[in-house]
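Below is one structure, written out as structure tokens, with a few remarks after it.
Atoms considered below: every heavy atom in the structure, side chains included; atoms not considered: hydrogens, waters and symmetry mates.
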Amino acid sequence: MDVLNFIIQQTMYFSIPLLVVALGAMFSERSGIINIAMEGIMIMGAFTSIFFINISSKMGMAGQLQLVLAILIAAATGIIFSLFHAYASISMKADQTISGTALNMFAPAFAIFIARVIQGIQQVQFTNTFRITNETLANIPIIGAMFFDEAYITTYLGFIILIVSVFVLYKTKFGLRLRACGENPHAADAAGINVHKMQYAGVIISGALGGLGGLIFVVPTSVNFNADVSGYGFLAIAVLIFGQWNPVKILGASLFFGVMKAISASYSSIPLLAGLGISSYFYKMVPYIVTLIVLIFTSRNSRAPKAEGIPFDKGQR
């Protein structure tokens with residue numbers, strides 16, 4: 001049971017950031033804008049929020065208030081950074097793939113440069129004081145130790161974001177208009193919807209969740225930030241495709257890839273796998289190999305929004 005608890009906890013550490021970032025990409029693509037800049041957005045969100053934790057820790061701040069403030073900073077950074085992509089893709093009608101690629105290249109270089117200028121080294125260290133244990137809930141049979149012992153509030157936040165995303169996308173006017181813009185922007189425009197405004201909203205939401213996802217990924221899995229999120233932005237896009245742009249299916253895909261990632265990162269702590277004597281490099285490759293295989297079989301039946309990636313020009317139909 002201890003091994004199972006360990007695997008599930010590790011799975012949450014890897015699945016929740018995937019879920020949050022994939023949901024962010026979903027909002028952007030549902031509006032018709034491809035956002036492959038999620039990797040760069042994650043890096044920028046993680047960089048500013050971890051730097052805040054580093055500085056505030058030296059001033060004596062710690063615990064959940066510090067984490068909540070870091071969450072707000074990560075989301076705000078993601079919004080600001082995503083606006084560059086929104087402006088290029090929507091207002092300037094630039095190629096959305098090239099715009100996203102440019103931001104992905106810029107983000108790690110910027111983070112490394114600023115870190116070196118400020119502190120002389122590129123790694124941003126931080127002290128993890130964010131684990132929480134609810135003694136009452138932790139004693140619940142089976143699930144108590146998995147979800148309420150040495151847990152992070154970001155895990156619960158991820159599930160809250162999922163519930164809100166389902167409600168917003170399928171139960172609100174905003175969600176209906178957003179989906180309409182991604183499927184048929186000219187019809188949406190004819191119905192009086194401001195397509196560009198909805199697309200900006202979609203990209204901004206993706207930026208907020210992408211920046212937040214960067215922080216959520218780094219905090220449980222490391223004690224320093226080195227301008228790298230291990231390709232999680234790209235993996236989140238694979239999760240989005242595997243999940244068919246549907247929030248509930250994205251959850252399933254996130255858990256699936258999270259298990260693969262948890263096993264690759266913690267195989268040495270799993271007696272059965274540790275005893276096989278297989279090279280660590282094999283386990284590190286598994287999540288990405290599985291990603292390629294899954295995409296091969298699922299991309300054929302892709303249900304992507306019909307108008308994604310196509311710049312909207314009100315004068316053309």
Side-chain angles (χ1 to χ4, degrees), residues 17-18 20-25 27-29 33-59 66-67 69-92 94-128 154 199-200 202-238 240:
L18 273 180
V20 171
V21 178
L23 288 173
F27 276 101
S28 180
E29 297 203 6
I33 303 298
I34 295 175
N35 192 354
I36 67 167
M38 300 308 292
E39 179 88 357
I41 293 172
M42 285 184 72
I43 290 172
M44 292 298 292
F47 173 65
T48 56
S49 56
I50 295 299
F51 218 107
F52 164 76
I53 293 173
N54 174 282
I55 295 173
S56 60
S57 294
K58 296 175 182 176
M59 301 171 61
Q66 185 185 37
L67 181 57
L69 292 176
I71 286 171
L72 296 176
I73 291 171
T77 301
I79 289 173
I80 294 170
F81 195 62
S82 69
L83 283 173
F84 291 105
H85 181 58
Y87 180 74
S89 300
I90 301 169
S91 299
M92 303 301 293
D95 186 287
Q96 296 167 21
T97 302
I98 293 176
S99 172
T101 301
L103 293 178
N104 284 335
M105 296 174 66
F106 172 82
F110 177 83
I112 290 172
F113 174 75
I114 296 299
R116 285 181 173 175
V117 167
I118 294 177
Q119 61 180 18
I121 58 174
Q122 65 189 48
Q123 292 88 358
V124 182
Q125 306 287 333
F126 70 96
T127 302
N128 189 331
T154 50
Q199 289 179 334
Y200 262 95
V203 176
I204 286 172
I205 293 172
S206 76
L209 296 183
L212 174 59
L215 173 65
I216 293 176
F217 171 72
V218 174
V219 166
T221 59
S222 181
V223 291
N224 65 76
F225 178 67
N226 195 24
D228 178 46
V229 289
S230 302
Y232 248 56
F234 299 114
L235 193 56
I237 293 174
L240 172 67

Measure the [atom1]-[atom2] distance between [X] and [Y] for me, rounded to the nearest 0.5 Å.
X    : Y    : atom1 : atom2 : result
N104 : S99  : CG    : OG    : 9.5 Å
I41  : S28  : CD1   : OG    : 8.0 Å
F52  : F126 : CZ    : CZ    : 13.5 Å
I36  : I237 : CD1   : CD1   : 6.0 Å
T101 : D95  : OG1   : CG    : 8.5 Å
S56  : L67  : OG    : CG    : 10.5 Å

Which atom pair, heavy atoms only, marks the closest approach of [X] to [Y]?
X    : Y    : answer
P17  : Y232 : CG-CE2, 4.1 Å
Q119 : Q123 : NE2-O, 2.5 Å
G45  : T48  : O-OG1, 3.4 Å
Q96  : I34  : OE1-N, 2.8 Å
L240 : A22  : CD1-O, 3.8 Å
I43  : A227 : CD1-O, 4.0 Å

Under 3.5 Å: donor-acceptor pair, side chain of [X], backbone of [Y]:
X    : Y    : result
N128 : V219 : yes
S222 : V218 : no
E39  : V229 : no

Check: [Y] and [X] side chains under 4.5 Å, non-hydrogen atoms:
X    : Y    : answer
R116 : I121 : no
S91  : Y200 : yes
I80  : M44  : no
V21  : F217 : no

inquiry  = Using 30° and 60° as the class boundaries, would you call the ring planes of F47 and F110 parallel, tilted or perpendicular?
reply    = perpendicular
Acceptor/donor pairs from residues 202-216 side chains to any protein atom, 3.5 angstrom cut, sequence neighbours excluded:
from: S206; atom 1: OG; to: N35; atom 2: ND2; distance (Å): 2.9
from: S206; atom 1: OG; to: V203; atom 2: O; distance (Å): 2.6

Check against side chain to side chain donor-acceptor pair (under 3.5 Å), N226 and Q122 = CA-CA 6 Å; N226 195 24; Q122 65 189 48; 2.8 Å; yes
